[in-house]
Amino acid sequence: MNVLVHEIPGDDRRLPPALAEVAKAEFDFGDDGEGVDFEPFDAFESAEETTDWLRHWTGNHELDGDAFRFFGMDGTGGRAAIWCARPGRPLAEQPVVFLGSEGECGVVAGDLSGFLWVLGDGLGPVEAVVFDRDAHPDPALTALAERYATSPRRTAEQIIEEAAAEFPTFCEDLDALCR
C-alpha cells in the first residue's frame, strides 16, 4: 500500500542519460562543509532496497517504494529521488525530492531539468531542502545542465520555490504515512 504511487511509462529503473552523467560528476563537500554533500549512484536503487529504506524511514512496513527512484545520497544516508507524482509522464518530467536521514524532506525541483540547474548553481539535494545556502555556480555542472536541460536556466532559488509551490503537501503527505 502506498498512496504516493503512480504509474509511469517505459523502463523506469534505468537512469535517464542526464542522471547517468551526474553520476560521473565530482562533488566536493570541502573541508569547511560549504560544498555539495551528494553522492550520486551509478544506477537507481533496486525496488527492494527502495522499499526497505522507505519502510525504515517511515516506520510503516505496509508501504512499498514504487513511487520513488533513489539515485543518490548525502553523507548521513538521506536519499535523493525521482518521485513519480505525475501519472503517465516519463521520469525526466517527475519531481526530484530529498528525504533526509533525520526526517527532513522537501521537493528540490519540479523535474529533472530543474534539478540539473540546481546542481549547476552549486546546490545538491540536501542543501536545497535543509540548508539556507547561497548558490556557488559550478561550471562543470552548469555545462551538464546546458547539454541536458529542456527548460531555460533559472536560479536554484526560483526552481526550489516553484517546486514547493507545486507540491506544497509533499512532506505532510509523507508524515501521514509514518508510524
Could you walk me through whether Leu116 and Val22 satisfy the side-chain contact (heavy atoms from CB on, under 4.5 Å) test, starting with their C-alpha distance in whole Å, then the side-chain angles of each, then the deciding distance to 0.1 Å, before giving a yes or no? CA-CA 8 Å; Leu116 296 174; Val22 167; 3.7 Å; yes

Hey, could you give me each pair passing salt bridge (charged side-chain N to carboxylate O under 4.0 Å, His left out) that has a residue in residues 104-113? Not counting sequence neighbours. none

Do Leu123 and Val36 come within less than 4.5 Å of each other through their side chains, counting heavy atoms only? no

Show every side chain to side chain donor-acceptor pair (under 3.5 Å) that has at least one partner inside residues 72-81, sequence neighbours left out. Glu45-Arg79, Asp74-Thr76, Thr76-Ser101

State which residues pass side-chain contact (heavy atoms from CB on, under 4.5 Å) with Thr58; sequence neighbours excluded, sorted by chain then number. Leu54, Asn60, Leu63, Cys178

Output all residues satisfying salt bridge (Lys or Arg N to Asp or Glu O under 4.0 Å) with Arg153, sequence neighbours left out; order by chain, then residue number. Asp121

Side-chain touch Phe44/Phe70, heavy atoms, less than 4.5 angstrom: no

So do Pro16 and Leu112 actually touch side chain to side chain, heavy atoms under 4.5 Å? yes

Test of understanding: with salt bridge (Lys or Arg N to Asp or Glu O under 4.0 Å), list the residues that count as partners of Glu161, not counting sequence neighbours. none

Check whether any side-chain heavy atom of Asp138 sits under 4.5 Å from a side-chain heavy atom of Leu119, and report yes or no. no

More than 12 foreign heavy atoms under 6.0 Å from CD of Glu172: is that the case here? yes

Who passes side-chain hydrogen bond (donor to acceptor under 3.5 Å, both in side chains) against Ser46, sequence neighbours left out? Glu48, Glu49

With side-chain contact (heavy atoms from CB on, under 4.5 Å) as the criterion, how do Arg69 and Thr50 come out once you've worked through the C-alpha distance, each side chain's angles and the decisive distance to 0.1 Å? CA-CA 7 Å; Arg69 303 296 178 272; Thr50 300; over 6 Å; no

Side chain Ser151, main chain Ser113, donor-acceptor under 3.5 Å: no

Rounded to the nearest 0.5 angstrom, the CG-NZ distance for Leu144 and Lys24 is 10.0 Å

To the nearest 0.5 Å, atom CD of Gln94 lies from atom CZ of Phe68 at 11.5 Å

So do the side chains of Leu19 and Phe41 get within less than 4.5 Å of each other, counting heavy atoms only? no

Does any part of the side chain of Trp57, heavy atoms only, come nearer than 4.5 Å to the side chain of Leu174, both counted from C-beta? yes

Under the side-chain hydrogen bond (donor to acceptor under 3.5 Å, both in side chains) rule, collect the residues that match up with Thr142, sequence neighbours excluded. none

For residues 102-123, which residue pairs qualify under ring pair (Phe, Tyr, Trp, His ring centres under 6.0 Å), counting only residues two or more places apart or in two chains? Phe71-Phe115

Within the structure provided, determine whether Pro125 and Val97 are in side-chain contact (heavy-atom separation under 4.5 Å). no

Got a second to check how far Leu99's CG is from Trp83's CH2, nearest 0.5 Å? 10.5 Å

Taking only residues two or more places apart in sequence, or in another chain, which ones meet Phe38 in a ring-ring contact (aromatic ring centres under 6.0 Å, His included)? Phe27

Report yes if the side chains of Glu21 and Arg147 come closer than 4.5 Å at any heavy-atom pair, otherwise no. yes

With sequence neighbours left out, write down each residue that passes side-chain hydrogen bond (donor to acceptor under 3.5 Å, both in side chains) with Glu93, or none if nothing qualifies. Arg89

Under 3.5 Å donor-acceptor pairs involving side-chain atoms of residues 162-171, not counting sequence neighbours:
{"from": "Glu162", "atom 1": "OE1", "to": "Arg154", "atom 2": "NE", "distance (Å)": "3.2"}
{"from": "Glu162", "atom 1": "OE1", "to": "Arg154", "atom 2": "NH2", "distance (Å)": "3.2"}
{"from": "Glu166", "atom 1": "OE1", "to": "Arg86", "atom 2": "NH2", "distance (Å)": "2.9"}
{"from": "Glu166", "atom 1": "OE2", "to": "Arg86", "atom 2": "NH2", "distance (Å)": "2.6"}
{"from": "Thr169", "atom 1": "OG1", "to": "Asp173", "atom 2": "OD2", "distance (Å)": "3.0"}

Looking only at heavy atoms, what is the nearest atom pair of Asp37 and Gly75, with distance? OD1-N, 2.8 Å

Working to the nearest 0.5 Å, report the span between CG of Asp64 and CZ of Arg55. 7.0 Å

Who passes side-chain hydrogen bond (donor to acceptor under 3.5 Å, both in side chains) against Glu157, sequence neighbours left out? none

